[in-house]
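Just below is one structure, and these are the notes that go with it.
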Amino acid sequence: ILANGCYPFVKLQDGSLSIVSPDRYHFTVSCNSVGSTVSALSLNISDLQKSKAYWTEILRSTSSTTSPDNLSFSFGVPLFTLEFVKTTVQLNTGANFGRVAFSCPGDMLSNIEQCARDHEFNVVKSLVSLDTPGKATVQVVILADPDGHEICFVGDEGFCQLSSVDDNADTELKTAISKDQSAAGLTKEDFRKTLLDCVFHSYYAMCLL
């Protein structure tokens, strides 16, 4: 997409690319990355101590670095860093949306939800099973941190089955696209922006899980 000039970007001094998605999320793409993975995510927060307490006491995460204005956690292999940056600007996502997602053993999901409820934190979506016709059923529970950032926990067993390679996926996608008329009224430019928006969100979600 970038090589063909389909989307604007800024090249940084270290050779990485700075991109802003259609809904104003900032991405830094490193040319030295190994594989198609997201290596870090930064989120603005209003209170560093409240965020630290939430992630360490409620979600049982271990912080890797802490400073007066910054807090980060490391997860998994390859390493993924979740960074929180204190800001004095009022947080307002407007009509944008998005959430961090983690896969974990399915039998942990109810305990995660109950822990959040016991400490009177927001549960956006109670534990639910999501059926996909002909494929695995996935269990999810969605929480929100003190600043309203959503965190989705997905049962690892169903997710691994659902995310396995489907040899018929390309054919099924083309068939669905050929039947879809939702873009009929869009101009070529609007269609391009909509497609890029879908690419950003799909790639972002797949890499985090």
Side-chain angles (χ1 to χ4, degrees), residues 21 25 27-30 33-43 45 51-65 71-84 93 96-173 176 197-209:
S21 74
Y25 287 109
F27 290 80
T28 300
V29 181
S30 173
S33 296
V34 178
S36 299
T37 59
V38 173
S39 60
L41 171 67
S42 293
L43 296 173
I45 55 173
S51 293
K52 183 176 182 179
Y54 183 83
W55 280 88
T56 57
E57 297 174 17
I58 306 303
L59 300 185
R60 307 297 183 184
S61 303
T62 303
S63 61
S64 55
T65 60
L71 171 68
S72 64
F73 298 88
S74 297
F75 303 91
V77 179
L79 194 64
F80 168 72
T81 300
L82 180 60
E83 177 188 44
F84 296 96
T93 59
N96 295 337
F97 64 92
R99 62 176 63 104
V100 181
F102 296 94
S103 64
C104 64
D107 58 8
M108 292 178 58
L109 296 177
S110 60
N111 292 333
I112 292 173
E113 178 182 346
Q114 190 59 50
C115 186
R117 292 192 184 279
D118 289 345
H119 291 82
E120 300 183 343
F121 283 104
N122 186 19
V123 176
V124 179
K125 185 70 175 180
S126 296
L127 179 60
V128 63
S129 297
L130 303 178
D131 294 325
T132 303
K135 297 184 179 180
T137 296
V138 176
Q139 293 181 304
V140 302
V141 60
I142 304 174
L143 310 181
D145 75 359
D147 286 292
H149 296 303
E150 295 186 7
I151 310 110
C152 177
F153 293 93
V154 184
D156 191 60
E157 300 83 354
F159 170 73
C160 288
Q161 294 179 45
L162 193 61
S163 60
S164 61
V165 176
D166 184 348
D167 294 332
N168 297 320
D170 189 53
T171 300
E172 292 177 1
L173 176 61
D197 195 18
C198 291
V199 169
F200 269 109
H201 281 97
S202 298
Y203 175 77
Y204 180 53
M206 288 189 294
C207 291
L208 284 182
L209 285 165

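Residue numbers run from 1 in the order of the sequence given.
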Could you state the interatomic distance from [atom1] ([X]) to [atom2] ([Y]), rounded to the nearest 0.5 Å?
{"X": "D156", "Y": "Q139", "atom1": "CG", "atom2": "CD", "value": "11.5 Å"}
{"X": "D131", "Y": "S129", "atom1": "CG", "atom2": "OG", "value": "7.0 Å"}
{"X": "I45", "Y": "Y54", "atom1": "CD1", "atom2": "OH", "value": "13.0 Å"}
{"X": "L143", "Y": "H149", "atom1": "CG", "atom2": "NE2", "value": "14.0 Å"}
{"X": "L43", "Y": "S72", "atom1": "CG", "atom2": "OG", "value": "12.0 Å"}
{"X": "T56", "Y": "F73", "atom1": "OG1", "atom2": "CZ", "value": "6.0 Å"}

Heavy-atom pair of closest approach, residues [X] and [Y]:
{"X": "G158", "Y": "A136", "value": "O-CB, 3.7 Å"}
{"X": "E157", "Y": "C104", "value": "OE1-O, 4.4 Å"}
{"X": "L109", "Y": "G155", "value": "CD1-N, 3.7 Å"}
{"X": "V154", "Y": "C152", "value": "CG2-SG, 3.7 Å"}

Report the relative orientation of the aromatic rings in F84 and W55; use parallel for angles under 30°, tilted for 30 to 60°, perpendicular for over 60°.
tilted
Please enumerate all residues that pass side chain to side chain contact (heavy atoms under 4.5 Å, CB included) together with V128, with sequence neighbours excluded.
K125, L130, V140
The criterion is side chain to side chain contact (heavy atoms under 4.5 Å, CB included); which residues satisfy it with N122, sequence neighbours excluded?
V124, A144
Please lay out, stage by stage, how V123 and I142 fare under the test side chain to side chain contact (heavy atoms under 4.5 Å, CB included).
CA-CA 6 Å; V123 176; I142 304 174; over 6 Å; no
C115 and F121: CA distance, side-chain angles, deciding distance, side chain to side chain contact (heavy atoms under 4.5 Å, CB included) verdict:
CA-CA 9 Å; C115 186; F121 283 104; over 6 Å; no
Can you name the side chain to side chain donor-acceptor pair (under 3.5 Å) partners of S126, sequence neighbours left out?
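For S126, the residues satisfying side chain to side chain donor-acceptor pair (under 3.5 Å) (neighbours in sequence not counted) are E113, R117.
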Is the closest side-chain heavy-atom distance between V100 and L41 below 4.5 Å?
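Answer yes - side chains close enough.
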